[in-house]
Amino acid sequence: MEKENEKNIKAPLGMKDIFPEERQLWGEMEKAAREEFELSGYYEIRTPVFEDTRLFVRSIGETTDIVEKEMYTFGDTAESTITLRPENTAPVMRAYLEYELYKTKKFQKFYYIGPMFRKERPQAGRLRQFHQIGIEAIGSYDPLLDVETIKIATRVYDRLELSGYEVKINSIGCEKCRPGFRKVLKEELSKYKDDLCELCKIRLDRNVFRVLDCKQKKCKEICKNVSSIEEHICNDCSGHFKTVKNTLKDIELEFKIDPHLVRGLDYYTKTVYEITHPSMGARDTICAGGRYDNLISDIGGPPTGAVGFAAGMEASMIAILNTRKKEREKDTSQLAPDAYIVSIGNETRNYCFKLLNTLRQSGISVDMDYECRSTKAQMRTANKLNSRFTIVIGPDELEKGVIKLKDMQTGDEKLAEDANEIVQVVKRNK
RNA sequence: GUGGGCGUAGCUCAGUUGGUUAGAGCAUCAGACUGUGGCUCUGAGGGUCGGGGGUUCGAAUCCCCUCGCUCACCCCA
């Protein structure tokens with residue numbers, strides 16, 4: 001027991017610290033996403049990380065794994081519990097409903113960025129606290145919006161120089177035609193029941209559609225003999241799907257129809273899509289989305305069409321790093337200060353500190369030594385920080401009232417009259 | 001929740017059939033005519049070999065348990 005207590009405290013399982021070097025890529029992703037989203041009229045909404053547990057139970061589906069065993073749920077009041085959001089579509093819909101946005105402006109576009117939580121075993125690109133970037137277009141059934149969201153996702157990835165990703169789409173029907181297809185599928189698959197894997201035998205009753213994306217060879221073979229969703233969806237869904245496909249072609253967006261693409265969350269209807277990347281491990285989806293025309297009515301609102309996607313930031317990042325050149329990873333130029341002040345002798349330190357603040361005031365990023373180290377050590381630090389300039393202040397400079405400026409690229413040194421002159425030179429070289 | 005793999009210095013790893021004070025590279029720090037970086041050279045610090053128990057004269061090495069990480073499954077971004 002005592003030994004347990006002596007152990008160093010670590011970050012909780014499946015939760016990661018992000019340090020400055022790698023955070024740069026996070027910033028890049030966020031910037032690319034925000035700019036693309038806003039270019040298309042999507043604006044940021046921030047919802048709480050906690051929600052009433054019932055929101056997720058109703059929207060995601062009571063029998064899904066997420067709700068059954070992966071949610072972080074805590075007691076709130078005596079009667080209610082709150083849950084750390086496992087995804088953000090339901091919270092955004094909740095906000096839309098709660099503020100009755102549909103009354104004043106039915107059609108709205110939002111985007112969000114932030115942490116999500118699912119209590120599962122961590123794996124490559126899959127953590128307990130992970131981050132998603134997503135968009136939601138609420139208040140329309142227009143298939144053009146399905147295409148718009150897909151296009152936006154690809155534009156963000158293009159901007160981040162991710163190559164080789166694949167867009168897969170499918171239609172899973174609506175509440176009218178899905179039950180019929182579910183029944184047919186179950187009947188057809190039951191004929192092969194003995195050959196299905198153990199898991200699929202269970203899925204047969206629990207969630208037939210999941211059999212379609214089983215990875216077992218035998219199950220895959222069997223699925224080839226089964227009729228596809230496309231043959232069974234209603235005219236409305238079929239027409240919608242056709243428009244989506246044709247529009248994607250019109251705007252020359254490459255995609256593949258994947259009849260086995262099934263989503264795990266209950267609220268999806270009609271169009272579902274996924275963006276995958278081959279460089280990943282077994283889990284290759286970096287972005288997934290689709291239409292969810294029943295979600296708002298499921299949680300108590302008026303019938304409202306909606307479509308959107310969520311991209312996993314950690315997963316996307318792995319894909320991006322896999323395709324980028326290695327030099328870019330090491331690029332620390334963003335973290336380098338414009339100048340580093342080397343102070344020689346203790347009596348110069350106060351003067352240096354004043355200069356430091358003057359320069360910062362003028363927009364120059366600058367730092368100095370706080371460990372009273374030798375001149376050589378301070379120079380080494382300036383070099384390691386990749387600082388463009390070094391400012392050297394010793395007793396000589398102090399006495400003459402000048403500032404020595406060294407260009408670390410050329411090695412040239414010169415004397416400046418005052419801080420303002422330093423600012424000019426440094427800014428010229430930015 | 002289920003299965004596989006792996007835990008030796010801050011990092012990447014060596015470590016022979018069990019055999020003295022456990023090593024290297026990189027990184028860190030310090031020096032090389034004391035006011036100047038990168039390159040080179042020299043040196044230093046840093047490890048209860050994940051933890052606990054067992055076998056043995058002797059364990060990083062063999063056995064058991066445990067914890068951690070990781071990959072995969074279920075499921076999902």
Side-chain angles (χ1 to χ4, degrees), chain A residues 3-4 6-8 10-14 16 60-61 63-71 85-89 114-134 153 197-200 202-203 206-207 210 213-216 262-266 268 273-277 280-290 308-319 340-345 348 371 373-398 404-413:
Chain A
K3 282 197 173 130
E4 281 299 311
E6 280 166 26
K7 272 185 185 163
N8 292 328
K10 303 170 63 175
L13 181 64
K16 291 255 190 297
I60 298 172
T63 58
T64 56
D65 271 33
I66 292 180
V67 169
E68 279 188 340
K69 53 186 195 190
E70 292 181 356
M71 298 203 304
R85 61 184 183 195
E87 57 97 46
N88 210 33
T89 296
M116 309 294 156
F117 306 84
R118 289 183 201 173
K119 197 170 188 171
E120 55 191 349
R121 287 292 285 273
Q123 209 184 123
R126 196 188 67 171
L127 300 169
R128 288 188 163 190
Q129 175 175 334
F130 61 105
H131 299 76
Q132 285 186 333
I133 299 182
C197 71
E198 289 309 308
L199 215 64
C200 281
I202 298 166
R203 284 197 268 237
R206 230 180 122 85
N207 190 349
R210 279 270 152 216
D213 71 346
C214 182
K215 281 161 194 143
Q216 301 292 322
V262 177
R263 303 270 69 233
L265 283 60
D266 277 3
Y268 283 106
Y273 58 88
E274 250 180 31
I275 298 178
T276 59
H277 199 270
M280 311 281 294
R283 178 78 204 123
D284 60 356
T285 303
I286 55 179
C287 175
F309 68 75
M313 290 186 78
E314 285 85 352
S316 299
M317 232 170 274
I318 292 173
Y340 190 83
I341 300 179
V342 171
S343 69
I344 303 165
T348 61
E371 297 165 280
R373 306 205 303 161
S374 69
T375 307
K376 188 194 276 280
Q378 291 183 60
M379 287 302 297
R380 273 205 267 258
T381 301
N383 187 56
K384 240 176 294 175
L385 289 174
N386 211 1
S387 171
R388 177 64 207 278
F389 292 97
T390 302
I391 290 162
V392 184
I393 306 288
D396 292 356
E397 287 78 9
L398 204 59
K404 187 182 270 183
L405 185 68
K406 177 167 183 169
D407 185 325
M408 295 297 273
Q409 276 173 24
T410 61
D412 294 343
E413 288 186 348

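Within every chain, numbering begins at 1; the chains are lettered A, B, ... in the order of the sequence lines, protein sequences first and strands thereafter.
Separation of the P atoms belonging to A59(B) and C63(B) is 15 Å when rounded to the nearest angstrom. Separation of the P atoms belonging to C11(B) and C57(B) is 37 Å when rounded to the nearest angstrom. U56(B) and G19(B) have their C1' atoms separated by 12 Å, given to the nearest Å. The separation of A30(B) from G38(B), taken at their P atoms, amounts to 12 Å, rounded to a whole angstrom. With C1' as the reference atom, A9(B) and A60(B) are 14 Å apart, rounded to whole Å. Rounded to whole Å, the C1' atom of C26(B) lies 27 Å from the corresponding atom of C71(B). Nucleotides U61(B) and U8(B) have their P atoms positioned 13 Å apart, rounded to a whole Å. Taking atom P on both nucleotides, A27(B) is separated from U40(B) by 9 Å, rounded to a whole Å.
For Lys69(A), the salt bridge (charged side-chain N to carboxylate O under 4.0 Å, His left out) test picks out Asp65(A), with sequence neighbours left out. Among residues two or more places apart in sequence or in another chain, the salt bridge (charged side-chain N to carboxylate O under 4.0 Å, His left out) test is passed with Asp407(A) by Arg388(A). Judged as a salt bridge (charged side-chain N to carboxylate O under 4.0 Å, His left out), and not counting sequence neighbours, Glu87(A) has no contacts.
Within the nucleic acid shown, Ala288(A) comes within 4.0 Å of sugar-phosphate atoms alone, with no base atom in reach, counting heavy atoms only.
The side-chain hydrogen bond (donor to acceptor under 3.5 Å, both in side chains) test with Glu314(A) is passed by exactly one of Gln132(A), His131(A), Gln129(A): His131(A). Under the side chain to side chain contact (heavy atoms under 4.5 Å, CB included) test applied with Tyr340(A), the options Asn383(A), Leu385(A), Asn386(A) reduce to a single match, Leu385(A).
In this structure, Ile391(A) CD1 and Lys404(A) NZ are separated by 13.0 Å, a value rounded to the nearest 0.5 Å. Expressed to the nearest 0.5 Å, how far CZ of Arg283(A) lies from CD of Gln123(A) amounts to 9.0 Å. Rounded to the nearest 0.5 Å, atoms CD1 (Ile275(A)) and CG (Asp284(A)) are 12.0 Å apart.
The interatomic distance linking Arg85(A) (CZ) with A77(B) (P) rounds to 15 Å, in whole Å.
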Sequence-aligned protein contact record of nucleotides 28-42 of chain B, with B where the base is within under 4.0 Å of a protein heavy atom and S where only the sugar-phosphate is: SSS----BBBB----
Protein proximity profile, nucleotides 68-73 of chain B - base contact B, sugar-phosphate-only contact S, no contact -, cut-off 4.0 Å on heavy atoms: SSBSBB
Under the 3.5 Å Watson-Crick or G-U criterion, the dot-bracket string of RNA chain B, with | for inter-strand pairs: (((((((..((((.....[...)))).(((((.......))))).....(((((..]....))))))))))))....
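Judged purely by atom type and a 3.5 angstrom limit, Thr285(A) has no side-chain atom pairing as donor or acceptor with the backbone of Cys287(A).
When side chains are defined from C-beta on, Pro115(A) counts as touching Arg85(A), because their heavy atoms get closer than 4.5 Å. A 4.5 Å side-chain heavy-atom check between Arg373(A) and Thr381(A) finds at least one atom pair inside the cut-off.
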